[in-house]
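Read the structure below first, then the notes.
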Amino acid sequence: MTHAPAMEGLTQDSEPRHGPVKPERPAALKRRRRRENLAGYLFMSPWIAGFLLLTAGPMIASLYFAFTDYNLFDAPKWIGLDNFSEMFGDPRWRHSVQVTLWYVAVGTPLKLLAALGVALLLAQSRRGQAFYRAAFYAPSLIGASVSIAIVWKAIFSDDAVVDRTQKIFGIDVGGWTGDPDMIIYSLVALTVWQFGAPMVIFLAGLKQVPRELYEAAEVDGAGKLRRFWNITLPMISPVLFFNVLLETIHSFQIFSSAYIVGGGAGGNACGPADGSMVYTCYLYVQGFENSRMGLASAMAWMLLVAVALVTAVLFWSQKRWVHYEEGAR
């Protein structure tokens, strides 16, 4: 047969002419794996160094400072829980907690409602859709900058654009930034204006809803509101949960806009009569204006615990209203 010579070099077990391939020795295998691991750690070393020096190290140091009397100039002095007891008894601290909770409870839902509403409009095919998406997303890119906060303060100041517009409709309340009761509303308006990021996430979720569900519901006579409530919301509930979680955490961390709109420095650093005294603003005042870094560290750790608790509650509540695909978690 013509294929017989080609088969002569093979044994009964179809081994090549030079014999079976010898497995790599355990010692050589360990050396090769060690070299591969070393290369991986070398590539990761910049991130590891940054994490240890810029994140983990300062966190451990701030945890120690939270139990000390430290003013940046003298050596820290251990005082135990005195910072926490003073913090809980401080009426300005309690006021900052109330302002922050009000800002989170009002600003976050309004921002998500605006994002979802615009996303529903942009999910429909229309001319210039790419332009509208970019235009609505742009405020999220620049909204957190100091320059925008300065412009926002000018817009809501006395005899500025908002004040003059109010007077046209017979509303004479003056500028919002100078009113202790109105300045927080200017901060809410600023965060709602930055709805672009959650809007993009909502838009991606809406694109994943099967069109067949809407067509079947329409055939059954379901109106737009019923289709939205029974189809859209359940199908995008994982995206909604993600946005609620992310925006809630961001709302607790508000600082630059509240500090700039409130005044920036001095006695009115957190707004007139502490009207824009969010938690992080008071933390900054205690740490960098009053040079009480120990008390500021204690406040920072309390904020971390509060955000962790809110996050845990949100994850616990998702079992009741978030609907995942079958088999997913």
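Atom CE in Met199 sits 13.0 Å away from atom CG in Leu112 (nearest 0.5 Å). Atom CG of Leu113 sits about 11.0 Å away from atom OG1 of Thr108, to the nearest 0.5 Å. Rounded to the nearest 0.5 Å, atoms CD (Glu86) and CG (Leu295) are 5.0 Å apart. Taking OH of Tyr137 as the reference point, atom CG of Leu122 lies at 14.0 Å (rounded to 0.5 Å). A distance of 13.5 Å separates NZ in Lys153 from CG in Leu190, rounded to the nearest 0.5 Å. The structure places OG of Ser96 at 9.0 Å from CG of Leu101, a figure rounded to the nearest 0.5 Å.
Residues Tyr282 and Trp93 have side chains in contact (heavy-atom distance under 4.5 Å, counting atoms from C-beta outward). Looking at Phe67 and Leu81, their side chains come closer than 4.5 Å, going by heavy atoms from C-beta outward. No side-chain heavy atom of Leu225 sits less than 4.5 Å from a side-chain heavy atom of Trp229. Residues Gln286 and Asp90 are in side-chain contact: their nearest non-hydrogen atoms beyond the backbone lie under 4.5 Å apart. Put simply, the side chain of Pro272 reaches to within 4.5 Å of the side chain of Ile183, judged on heavy atoms. You'll find the side chain of Thr191 reaches within 4.5 Å of the side chain of Tyr103, heavy atoms only. Taking 4.5 Å as the limit, some side-chain heavy atom of Arg164 sits within range of a side-chain heavy atom of Asp159. Looking at Met235 and Pro210, their side chains come closer than 4.5 Å, going by heavy atoms from C-beta outward.
Side-chain contact check for Trp301 and Ser62: at least one donor-acceptor pair (N or O, by modelled atom type) lies under 3.5 Å. A side-chain donor from one of Tyr214 and Thr232 sits under 3.5 Å from a side-chain acceptor of the other.
For NZ of Lys167, the number of neighbouring non-hydrogen atoms (other residues, nucleotides, ligands) closer than 6.0 Å is greater than 12. Annotation: Trp78, atom CH2; neighbour count of heavy atoms from other residues, nucleotides and ligands within 6.0 Å is above 12. The neighbour count for Phe288 CZ, taken as heavy atoms of other residues, nucleotides or ligands under 6.0 Å away, does not exceed 12. Within a 6.0 Å radius of CZ in Arg226, other residues, nucleotides and ligands contribute 12 heavy atoms or fewer. Within a 6.0 Å radius of CZ in Phe84, other residues, nucleotides and ligands contribute more than 12 heavy atoms. More than 12 heavy atoms of other residues, nucleotides or ligands sit less than 6.0 Å from atom NZ of Lys207. Heavy-atom contacts from other residues, nucleotides or ligands closer than 6.0 Å to OH of Tyr132 number 12 or fewer.
At a threshold of 4.5 Å between side-chain heavy atoms, the hydrophobic network of Ile, Leu, Val, Met, Phe, Trp and Tyr places Leu116 and Leu121 in two separate groups. Tracing side-chain contacts under 4.5 Å through hydrophobic residues (I, L, V, M, F, W, Y), one never reaches Met59 starting from Trp47; they form parts of separate clusters. Residues Leu63 and Ile60 are members of separate hydrophobic clusters, defined by side-chain heavy-atom contacts under 4.5 angstrom among Ile, Leu, Val, Met, Phe, Trp and Tyr. A chain of hydrophobic side-chain contacts below 4.5 Å, direct or via other Ile, Leu, Val, Met, Phe, Trp or Tyr residues, connects Ile171 to Ile155. Note: the hydrophobic cluster containing Val200 also contains Phe131 (ILVMFWY, side chain heavy atoms under 4.5 Å, direct or indirect links).
None of Trp176, Tyr185, Trp193 except one satisfies the ring-ring contact (aromatic ring centres under 6.0 Å, His included) rule with Phe156; the exception is Trp176. Partner of Phe241 under the ring-ring contact (aromatic ring centres under 6.0 Å, His included) criterion, out of Tyr324, Phe202, Phe315, Trp316: Phe315 alone.
The heavy-atom pair separating Glu247 from Lys111 by the smallest distance is OE1-NZ, 2.8 Å. Here the shortest heavy-atom pairing between Thr248 and Val244 reads OG1-O, 2.6 Å. A pairwise comparison of heavy atoms in Ala114 and Val192 identifies CB-CG1, 4.2 Å as the closest pair. The nearest pair of heavy atoms linking Thr68 to Asn83 is O-ND2, 2.8 Å. Phe242 and Ile201 get closest at one heavy-atom pair: CE2-CD1, 3.5 Å. Heavy atoms only, all atoms of each residue included: Ala160 and Ala154 are closest at CB-O, 3.0 Å.
Side-chain atoms of Tyr279 come within 3.5 Å of backbone N or O of Met299 as a donor-acceptor pair. Proximity of a side-chain donor or acceptor of His95 to a complementary backbone N or O of Met277 within less than 3.5 Å is not detected. Judged by distance alone, with hydrogens and angles left aside, the side-chain atoms of Ser140 form a donor-acceptor pair with the main-chain N or O of Ala197 at under 3.5 Å. Using modelled atom types, one side-chain atom of Asn37 and one backbone atom of Arg33 make a donor-acceptor pair closer than 3.5 Å. A donor-acceptor pair under 3.5 Å is absent between the side-chain atoms of Arg292 and the main chain of Gly287, judged by distance alone. At distances below 3.5 Å, not a single donor-acceptor pair connects side-chain atoms of Asp163 with backbone N or O atoms of Asp158. No donor-acceptor pair closer than 3.5 Å links the side chain of Trp152 to the backbone N or O of Val261. Between the side chain of Gln318 and the main chain of Leu314, no donor-acceptor pair closer than 3.5 Å is present. Remark: the backbone N or O of Gln124 is paired with a side-chain donor or acceptor of Gln129 at under 3.5 angstrom. Of the possible polar contacts, one joining the Thr280 side chain to the Ile254 backbone as a donor-acceptor pair under 3.5 Å is found.
Taking the six-membered ring where the residue is Trp, Tyr284 and Phe255 present tilted rings, their angle falling between 30° and 60°.
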Q: Evaluate side-chain contact (heavy atoms from CB on, under 4.5 Å) for Trp102 paired with Val188, printing each intermediate quantity in order.
A: CA-CA 10 Å; Trp102 188 94; Val188 171; 3.7 Å; yes
